[in-house]
Undergrad: 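Okay, here's the structure, questions in a sec.
Order of appearance sets the numbers: ligands from 1, and atoms from 1 within every ligand.
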Amino acid sequence: MSKFISTRGSGKSLTGAEAIIKGIAEDKGLYVPETLPKLPFEISDMVGKSYKEIALPVIHSFFDDFTLEEMEGCINGAYDEKFQGKDIVSIVQGGQGYFLELYHGKTAAFKDMALSILPYLLVTSMKKVKEDKKICILTATSGDTGKAALEGFADVEGTEIVVFYPNKGVSQVQERQMVTQEGENTHVYAIEGNFDDAQTGVKKIFADDDFAEKLANKGVKLSSANSINIGRLVPQVAYYVYSYIKLVEEGVVTDGTPINVVVPTGNFGNILAAYYAKEMGIPIKKFICASNENKVLTDFINTGIYSTKRKFFLTNSPSMDILISSNLERLLFHLYDGKGAEIKTLMTRLDENKEYEVSDKVKEAMGIFCGGFCDRSDTEKTIGSIYRKHGYLMDTHTAVAYKVYEEYKKRTCDETATIIASTASPYKFADSVAAALGLDDEKNGFDYVKSLNKATKVEVPKGLQDLDKKEILHKEVIKVDEMAEAINQLF
Ligand SMILES: *Cc1c(COP(=O)(O)O)cnc(C)c1O
């Protein structure tokens, strides 16, 4: 049976169900599969299959402590008519690549891919390990995770969901999506700080044993819906496997021919899922990691030095306004051949000195990654030019990826067929996208949704229609050091 261990080397190995409930390990490491599974099928046998038919064996090969029936229940609950469009995700040729549109779920961003299944995985896990405490899900969000987690967990029995977002650090549409969330068990707080402050605050609460005990006495156990939870990461592997099968099906590549993937990256979860797909057996040549002006990953890939000693920018791709990319820790664990002690040293250095440098061997192993960044103005220019040239409308995050890919291609002349992860609906960042198309100034983000729709005729996702008319239910703004107390008061 597959087991999960901490990236920082201590602690025992857990089953999938145990790791999903736990969220983060006692030594503050992240859970990773002890050995990464191989594809449980031949690509040629999967041609013509649906998203769910492909996702089931892929996800089950990581979490094989679930019975096939249990996993099927999770998949069927998650990937249903909540997703608009033909088959959960869409692959659309546009410009120089193939856009893998991951945003057709309820909240119009790719976070729905994992967060619509996580509640099912978690509730099933609780049954499997006979956990009778209430699970309180803590989530720090740069904008999209929060809403997707709220939607996923709203009114799920045995859970409370708490979301912390940076006050003024998310788009108007994102904020309104969260503060209008219905459901008895949903709690939303704006915090005075940026995303890293929120994420660090949440990690600190997880590491606080006294606090855990206090909650345990009230019958409550903490878990996480951030991509530090392995139950968030694994479902994302499925769509990379799916896209390769679709490219084979459509004759874009022959079975066995490598592709490239480009991913607009923040916390490094999405791109790490692509890496897992490669380790399973999907032929991927290059992982092109695209950043905005917070280009900590571009610099890391180019130099082997990870440093957060830099200015933090608020950009028009706010879901990537991150300096501490948590999931990089998982990649490093694999590249350091599972030597947890080395990872622990690096992460301590990051905590204390705000930077670390990886070994020469790991720098070389990072050669399959290529990093690039795109600033605010180029993001807008790219949206405008691709729309005018190819009629394809992108959101700001996808535009960052596209621009970085364009430059990669110019530089390398690499003609490999390339998947571009398209992570949000353009309407989610309507103000920036409208500005990119030169549409007139409107008063607020919601008017931009209307003017963008009028100009492009691209359909507005269901979840974003009439958002401005919904009642605001969550209004609290708190300081970072008040986060724990806010949780405590819920029980
Ligand atoms: C979360 C998010 C990203 C970044 O994904 P990571 O897995 O954190 O790297 C990119 N684009 C959008 C729209 C997002 O919501």
Side-chain angles (χ1 to χ4, degrees), residues 30 99-115 118 139-149 151 163 165-166 169-171 173-175 177-178 195-196 198-199 224-230 232-237 239-240 261-277 287-292 294-298 300-301 315-331 369 371 373-374 379 383 394-402 404 420-430 432-433 461 463-464:
L30 309 186
F99 290 96
L100 169 60
E101 294 181 351
L102 301 168
Y103 58 79
H104 297 299
K106 246 180 155 174
T107 76
F110 93 98
K111 304 292 196 294
D112 288 322
M113 295 305 299
L115 282 162
L118 183 64
T139 304
T141 184
S142 55
D144 291 329
T145 297
K147 178 61 180 180
E151 277 294 348
V163 168
Y165 71 91
V170 300
S171 84
V173 170
Q174 286 177 314
E175 178 172 58
Q177 279 185 303
M178 290 189 277
F195 170 72
D196 288 312
Q199 176 161 260
S224 168
N226 280 103
S227 53
I228 53 176
N229 193 316
I230 190 70
R232 258 287 296 277
L233 191 63
V234 164
Q236 296 179 205
V237 180
Y239 51 71
Y240 289 107
V261 296
V262 191
V263 185
T265 297
N267 227 357
F268 210 77
N270 202 359
I271 197 165
L272 183 70
Y275 175 80
Y276 278 9
F287 300 89
I288 302 164
C289 176
S291 304
N292 62 26
N294 296 297
K295 59 181 187 59
V296 63
L297 288 166
T298 309
F300 173 66
I301 290 167
T315 73
N316 53 8
S317 47
S319 302
M320 310 198 299
D321 289 346
I322 291 175
L323 293 183
I324 303 172
S325 298
S326 295
N327 280 293
L328 183 62
E329 178 170 346
R330 286 190 164 110
L331 176 71
F369 285 83
F373 77 102
C374 169
T379 302
I383 293 171
M394 293 182 283
D395 95 293
T396 47
H397 303 75
T398 309
V400 165
Y402 192 86
V404 168
I420 301 159
S422 180
T423 51
S425 158
Y427 287 104
K428 209 153 182 183
F429 305 94
S432 308
V433 175
L464 300 185

Undergrad: Would Thr265 count as a polar contact of ligand 1, with the cut-off being nitrogen or oxygen pairs under 3.5 Å?
TA: no

Undergrad: Based purely on interatomic distance, does Phe268 place a nitrogen or oxygen under 3.5 Å from a nitrogen or oxygen of ligand 1?
TA: yes

Undergrad: Can you name the one residue among Thr379, Thr396, Asn316, Thr315 that meets side chain to side chain donor-acceptor pair (under 3.5 Å) with Asn292?
TA: Thr315

Undergrad: Which ligand 1 atoms, with their elements, are less than 4.0 angstrom from a heavy-atom of Gly269?
TA: 6 (P), 7 (O), 9 (O)

Undergrad: So which heavy atom in the protein is nearest atom 7 (O) of ligand 1, and how far is it from that ligand atom?
TA: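 Here the closest protein heavy atom is Asn270 N, 2.9 Å.
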
Undergrad: Check whether any side-chain heavy atom of Gln174 sits under 4.5 Å from a side-chain heavy atom of Ser319, and report yes or no.
TA: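 Answer yes - side chains close enough.
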
Undergrad: To which protein heavy atom is atom 8 (O) of ligand 1 closest, and what is the distance rounded to 0.1 Å?
TA: Asn267 N, 2.8 Å

Undergrad: To which of His397, Gln174, Lys111, Met320 does the heavy atom nearest atom 2 (C) of ligand 1 belong?
TA: Lys111

Undergrad: May I have the step-by-step check of side-chain hydrogen bond (donor to acceptor under 3.5 Å, both in side chains) for Asn294 and Asp321, ending in yes or no?
TA: CA-CA 6 Å; Asn294 296 297; Asp321 289 346; 3.1 Å; yes

Undergrad: Can you tell me which residue and heavy atom of the protein come closest to atom 4 (C) of ligand 1, and the distance to 0.1 Å?
TA: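 Protein heavy atom with the smallest distance to atom 4 (C) of ligand 1: Gly266 N, 3.5 Å.
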
Undergrad: Is there a side-chain contact between Phe99 and Tyr402, using heavy atoms and a 4.5 Å cut-off?
TA: yes

Undergrad: Is there side-chain contact between Lys147 and Lys106, with heavy atoms separated by less than 4.5 Å?
TA: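 No, their side chains stay 4.5 Å or more apart.
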
Undergrad: At under 4.0 Å between heavy atoms, which part of Phe110 makes contact with ligand 1: side chain, backbone, both or neither?
TA: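 For Phe110, only side-chain atoms sit under 4.0 Å from ligand 1.
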
Undergrad: Which of the numbered atoms in ligand 1 are below 4.0 angstrom from a heavy atom of Ser319?
TA: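 Numbered from 1, ligand 1 contributes 2 (C), 12 (C), 14 (C), 15 (O).
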
Undergrad: Report the nearest protein non-hydrogen atom to atom 12 (C) of ligand 1: residue, atom name, distance rounded to 0.1 Å.
TA: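 Closest protein heavy atom to atom 12 (C) of ligand 1: Thr423 OG1, 3.4 Å.
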
Undergrad: Return yes if a side-chain donor-acceptor contact under 3.5 Å exists between Thr107 and Asp112, otherwise no.
TA: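 A donor-acceptor contact under 3.5 Å links the two side chains.
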
Undergrad: Short list, please: which atoms of ligand 1 are under 4.0 Å from a heavy atom of Ala424?
TA: 13 (C)

Undergrad: Heavy-atom contact check, 4.0 Å cutoff: does Pro264 meet ligand 1?
TA: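 True for this residue.
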
Undergrad: Heavy-atom distance under 4.5 Å between the side chains of Ile301 and Phe287, does that happen here?
TA: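 Of all side-chain heavy-atom pairs linking Phe287 with Ile301, none is under 4.5 Å.
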
Undergrad: Kindly give the heavy-atom pair with the smallest separation between Tyr240 and Ala421, and that separation in Å.
TA: OH-CB, 4.1 Å

Undergrad: With a 4.5 Å heavy-atom cut-off, do Arg330 and Tyr276 have their side chains touching?
TA: yes

Undergrad: Among all protein heavy atoms, pick the one closest to atom 15 (O) of ligand 1 and tell me residue, atom and distance.
TA: Asp144 OD2, 2.4 Å

